[in-house]
Amino acid sequence: GLAALVHQKRVIYIDVARMSAATAELEEAFVALRRECLLDGAVPLVANIDQLSDDGLKALARLLDQTPISVVATSGVVGSELAVQRRVMRLAMPIPDVETRTALWQRALEDSDGIDVEMLASRYRIGAGGVFRAVTDARALTSARLTTKDLIHGVRNGIAERLGEL
């Protein structure tokens, strides 16, 4: 299944939430993604398709239908529709429980000494992508060793970015 496919191969992705609304930019990015994945044997992933306009969704559907390999597309909205001619498999990915979120924080941090990962996991109901973005943003905001406070700023930065899209 899909899980076996992803575990055995590298994933290369584009995040449409970080792109302009221009359909041409989406098309250019997707063609590059498809080319890289075909050359590398990787799995292409298009993140946050719910952020696309109707024209963007139509363009993505056309590009997906022209792609000879499986593509993973993620959406933060249940029921996002892509009018594609190919088979679609839908997987619900609920927010992980506190124990799993704690493990995600520990994995993303590599060295969590001095960081209150239990508090982060219980306070912030975010999945693996949100944890990864928070750690990445926190590292970008400081040149010193990460602290819990840095990670809180990383989470808040991600939340502010998502709210800015509303």
Side-chain angles (χ1 to χ4, degrees), residues 1-96 101 104-105 107-109 124-143 146 150-166:
L2 181 62
L5 177 72
V6 171
H7 287 296
Q8 295 173 0
K9 296 185 178 187
R10 196 164 72 104
V11 175
I12 302 174
Y13 76 98
I14 57 174
D15 185 347
V16 298
R18 297 181 182 265
M19 300 169 67
S20 74
T23 302
E25 182 180 352
L26 168 66
E27 290 174 344
E28 184 178 315
F30 186 86
V31 168
L33 172 70
R34 179 174 55 203
R35 180 181 55 245
E36 287 300 313
C37 289
L38 286 167
L39 289 171
D40 192 45
V43 176
L45 185 144
V46 182
N48 297 307
I49 65 166
D50 54 293
Q51 301 297 311
L52 291 172
S53 66
D54 288 342
D55 287 341
L57 285 170
K58 288 176 188 172
L60 179 60
R62 180 180 43 77
L63 291 161
L64 289 171
D65 283 335
Q66 296 169 354
T67 302
I69 57 177
S70 295
V71 178
V72 177
T74 68
S75 172
V77 177
V78 174
S80 293
E81 290 298 322
L82 277 172
V84 293
Q85 300 301 310
R86 62 193 301 168
R87 182 171 176 226
V88 175
M89 179 187 304
R90 298 188 189 287
L91 302 171
M93 303 208 43
I95 298 295
R101 292 195 308 266
L104 290 170
W105 280 104
R107 183 179 310 147
L109 289 166
Y124 300 107
R125 292 180 36 90
I126 56 178
V131 169
F132 175 78
R133 276 190 301 279
V135 171
T136 301
D137 289 351
R139 285 187 175 133
L141 295 170
T142 185
S143 60
L146 286 179
D150 296 327
L151 292 164
I152 291 170
H153 287 296
V155 170
R156 290 180 178 165
N157 186 56
I159 292 169
E161 185 176 316
R162 297 297 269 173
L163 288 176
E165 296 168 357
L166 296 179

Test side-chain hydrogen bond (donor to acceptor under 3.5 Å, both in side chains) applied to [X] - qualifying residues, sequence neighbours left out:
| X | value |
| --- | --- |
| E81 | R90 |
| D40 | R10 |
| E25 | S20 |
| T67 | R34 |

- Message: I need the D15 CG to L45 CG distance, nearest 0.5 Å.
- Response: 9.0 Å
- Query: Nearest 0.5 Å, what's the OG1-NZ distance between T23 and K58?
  - Reply: 10.0 Å
Side chain to side chain, [X] and [Y], heavy atoms closer than 4.5 Å:
| X | Y | answer |
| --- | --- | --- |
| C37 | I69 | yes |
| I12 | L33 | yes |
| V46 | V16 | yes |
| S70 | V43 | no |
| V131 | Y124 | no |

- Partners passing salt bridge (charged side-chain N to carboxylate O under 4.0 Å, His left out) against R62 (at least two apart in sequence or in another chain):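 R62: salt bridge (charged side-chain N to carboxylate O under 4.0 Å, His left out) contacts with E27.
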Holding to side-chain contact (heavy atoms from CB on, under 4.5 Å), I want the full list of residues that pass it with [X], two or more places apart in sequence or in another chain.
| X | value |
| --- | --- |
| V84 | A61, L64, D65, L82, R86, V88 |
| A29 | I14, M19 |
| R139 | V135, L146 |

- Item | Chi angles and distances behind the side chain to side chain contact (heavy atoms under 4.5 Å, CB included) call for L60, F30 | CA-CA 8 Å; L60 179 60; F30 186 86; 4.0 Å; yes
- Item | S75 (side chain) donor-acceptor with N48 (main chain) under 3.5 angstrom |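 Between the backbone of N48 and the side chain of S75 there is no qualifying donor-acceptor contact (under 3.5 Å).
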Do you know the tightest heavy-atom contact between [X] and [Y]?
| X | Y | answer |
| --- | --- | --- |
| L26 | A59 | CD2-CB, 4.4 Å |
| G127 | I95 | N-CD1, 4.1 Å |
| I49 | A73 | CG2-CB, 4.0 Å |
| V155 | A134 | CG2-CB, 3.6 Å |

- Message: Let's go through L151 and L109 carefully: what are the C-alpha distance in whole Å and the side-chain angles of both, what is the deciding distance for side chain to side chain contact (heavy atoms under 4.5 Å, CB included) to 0.1 Å, and is it a yes or a no?
- Response: CA-CA 10 Å; L151 292 164; L109 289 166; 3.8 Å; yes
- Task: Start with the C-alpha gap between F132 and D137, add the side-chain angles, then the distance that decides, and say whether side chain to side chain contact (heavy atoms under 4.5 Å, CB included) holds.
- Result: CA-CA 9 Å; F132 175 78; D137 289 351; over 6 Å; no
